[in-house]
Protein chains: 2
Amino acid sequence: MKPVTLREIANKLNISITTVSKALKDYPDVSPKTKFLVKELASTLNYKPNAFAVNLRTRESKTIGLIIPVIVHHFFSNVIKGIVAQAEKKGYLVIILQSNESYELEKKQIDLLMNQRVDGIIISLANGTIEYKHLTDVIKANTPLVMFDKIAKIVNCSKVIIDDRKAAYDATQHLIDIGCRRIAHFRGSLLPQNSIDRFLGYRKALDDNGIKYDPSLVYICECDDNSFEEGKENARLLMQEHNDVDGIFINTDLVAIGAISEFNDAGIKIPEDIAIVGFSNWFMSSIISPTLSTIDQPGVKMGKAAFKQLYKEIKLKKRNKPVEYQQIVLKTKLIQRDSTKL
Amino acid sequence: MKPVTLREIANKLNISITTVSKALKDYPDVSPKTKFLVKELASTLNYKPNAFAVNLRTRESKTIGLIIPVIVHHFFSNVIKGIVAQAEKKGYLVIILQSNESYELEKKQIDLLMNQRVDGIIISLANGTIEYKHLTDVIKANTPLVMFDKIAKIVNCSKVIIDDRKAAYDATQHLIDIGCRRIAHFRGSLLPQNSIDRFLGYRKALDDNGIKYDPSLVYICECDDNSFEEGKENARLLMQEHNDVDGIFINTDLVAIGAISEFNDAGIKIPEDIAIVGFSNWFMSSIISPTLSTIDQPGVKMGKAAFKQLYKEIKLKKRNKPVEYQQIVLKTKLIQRDSTKL
DNA sequence: GTAAATATCGAAAACGTTTTCGAAAAAACC
DNA sequence: GGTTTTTTCGAAAACGTTTTCGATATTTAC
């Protein structure tokens, strides 16, 4: 009933706890014979070391924390998948928390994870996060921290991202290439770095093609959730305010899909009347009608890369070696589908 | 740098560790004055108890394990969301593992969680799971276990499910109500209980309406993953083998969406030529064209219910009280959309 | 045969907490 | 004032492991 301990094994073999422990870990100062006996008995008794005791002693929890804004998003659940898979390979468990895009919750969760003495933390910031003290505190406490996707440039730690600016540039250039000249942009929330970068990429593409930037064509949403509804709402506004727009670059696929749905209902033809490019390559985008052109953002790969970097830093820290923070930039690619096939 | 311990607080105040510990936990045998001093110092030093030490002593980890077949599924990520949210309310953390529908992995992961001494486990079985020893072992070890969605009827523990049989009956009856007479069924994998139940519901509805059951209209997929591709493949087969079918009840929305996509490509009209009902109410189903009629399966609610039950059992176990296992059945409802609007 | 080197073991401290139990001090009672 | 009760504290054991270091026992060297 109760889990087996070293003591029990020691008692049954009439040897000390010390020797049992050493035998199991192949210390050189225990004879082959006792090693054999110990290992055999341990396996028949199905001995499993008590993780708490080990952790207390070694100050390693073999556990990492992951904080993401929302779980129910194709991109994020892919990242989770990548992280969990990679972590398991290295014998690490992952504690997942959802910040719900709330700065306050995010702070509390960081606290929780630190109290749990996780070996490292991977995080994608909430849109509402404007201060970074809780993050620098993690670094000060010497706990490895890796940020991905929604990062804070100012915080000094490793990051796994895509080149949002370039991706947005590509998306906008694509719209221009197929003949769009009045191009709107749904940029979502104002704050997060990737929202900013995508906006800048959009603007740069306009500039480089001699198209005048019109601020009234940029739709911001303070709603903090990049939702389907946001897409519908923005599309409605756009139809009222600008009936001359012939292309839109939209921050996130889900929002783009909301817009498509609204345009479909309103009888506006995609791509003939308005061409649309989304962002992230949600699975959904390939089955909506018309199918949505988008930027492929490799979620699983990002998750794996983030864990790998974290793992590296955990190991370095253990050996008291200096770590140098990496900025890992993953490749994206434009996927053309029907929403931009003129 | 190093985390603060009870000892440090004790030293600074010139009192014993015991008293510090008691003061922080409001034991009655410490004076209000020292309580005040201790608490004040603890908060200025930002003292946080070492979770390992606490756990080692109290044999409570305040952590639960969650094993699900796939994270990147709308239904499952909603369940995760429900569990994580509810757990956080009670101060519990969730370790999430993905079995990838593999029995072997599932076994290993149960082992991992047990070694971590989690306080309880919530699981949705892999399709490949045919033996249940790893699960009964959990129960034997006196660790609360709650199964949801994909359960094993034979295992004696609490379960959170929907009435798959009734839901499937409703879906099939709906097809009959709108005039379908040759109704196929894509049942997915053979093994899991809900696949069986949905099939039985389908069959019962046929029986009750005097429609002869034709085994050749039931499409099984051994591919173990309920995918979009499975839907396309089955749709192709169906078109070759049975051009008289006028309705399909499909095990999962994602598969249904694959089928819709294939039918769309083949120029088969939905619902005029074939009406379709899916299962689960993925978000995607409301935006595909035609929109998909389906059974709403409340993921977040299931997650919350599962955690609540687990929590109850953890508390009961702690007080050495007997627990009685619950079978919680959540309500589903049919959502009619365009794929069955004749 | 003695000295030195090696092989094998175990006692004990430590990780940071919680809780039992007894002791000392203070207060209450007669 | 002496006894009892109450308040307040701390020593110590315990949770299960890891690791240091010293103690035997055995082998090797001469």
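Just so it is clear, the model here is predicted, and its values are computed rather than measured. Proteins get letters first, then strands, A, B, ... in listed order; numbering begins at 1 in each.
Backbone-only contact: A:K25 has heavy atoms under 4.0 Å from sugar-phosphate atoms and none from a base. Using a 4.0 Å heavy-atom cutoff across all strands shown, B:D29 reaches at least one base atom of the nucleic acid. A:S21 comes within contact range of at least one nucleobase, with a heavy-atom separation under 4.0 Å.
What separates CZ of A:F52 from P of D:dT17 is a distance of 12 Å, to the nearest Å. One interatomic measurement links the two molecules: CG of B:L24 to P of C:dT17, which rounds to 9 Å at whole-angstrom precision. Summarising the geometry, the separation between CZ on A:R7 and P on D:dT17 is reported as 9 Å, rounded to the nearest angstrom. Counting to the nearest Å, the P atom of C:dT8 and the CG atom of A:D26 are 13 Å from each other. For B:L56 and C:dA14, the CG to P distance is 17 Å, given to the nearest whole Å. The distance between atom CD1 of B:I9 and atom P of C:dT17, rounded to the nearest whole Å, is 8 Å. Atom CD in B:E60 sits roughly 14 Å away from atom C1' in D:dC15 (whole-Å rounding). Atom-to-atom, CG of B:N11 to C1' of D:dG10 comes out at 14 Å; the value is rounded to the nearest Å.
Applying the 3.5 Å distance criterion, the base of C:dG16 shares no donor-acceptor pair with the side chain of B:K48. Checked by distance alone, B:T18 brings a side-chain donor or acceptor within 3.5 Å of a matching partner on the base of D:dA12.
Proximity note for B:S16 (side chain, C-beta onward) versus C:dG10, D:dA11, D:dT17: the nearest is D:dA11.
Between A:E313 and A:C157, every side-chain heavy-atom pair lies at or beyond the 4.5 Å cut-off. Looking at heavy atoms from C-beta onward, A:I80 lies out of side-chain contact with B:I96 at the 4.5 angstrom threshold.
Considering B:L125, B:N127, B:T129 in turn, B:T129 is the only one that fulfils the side chain to side chain contact (heavy atoms under 4.5 Å, CB included) rule with B:Y103.
The phosphate of D:dA14 has neither OP1 nor OP2 within less than 4.0 Å of any side-chain N or O from B:R59. For the pair A:Y47 and D:dT17, the criterion of a side-chain N or O lying under 4.0 Å from OP1 or OP2 is met. Between C:dC15 and B:T5, no contact under 4.0 Å exists linking OP1 or OP2 to a side-chain N or O. An OP1 or OP2 oxygen of C:dC9 is reached within less than 4.0 angstrom by a side-chain nitrogen or oxygen of A:T34.
Using a cutoff of 4.0 Å between basic side-chain nitrogens and carboxylate oxygens, B:E60 and B:K318 are scored as salt-bridged.
Both A:K22 and A:N50 lie close to DNA chain D; mapped to their nearest nucleotides by heavy-atom distance, the more 5′-ward contact belongs to A:N50. Along DNA chain C, the nucleotide closest to A:V30 and the one closest to B:V4 are compared, and the more 5′ of them pairs with A:V30.
Taking CZ of A:F52 as the reference point, atom CZ of B:R59 lies at 9.5 Å (rounded to 0.5 Å).
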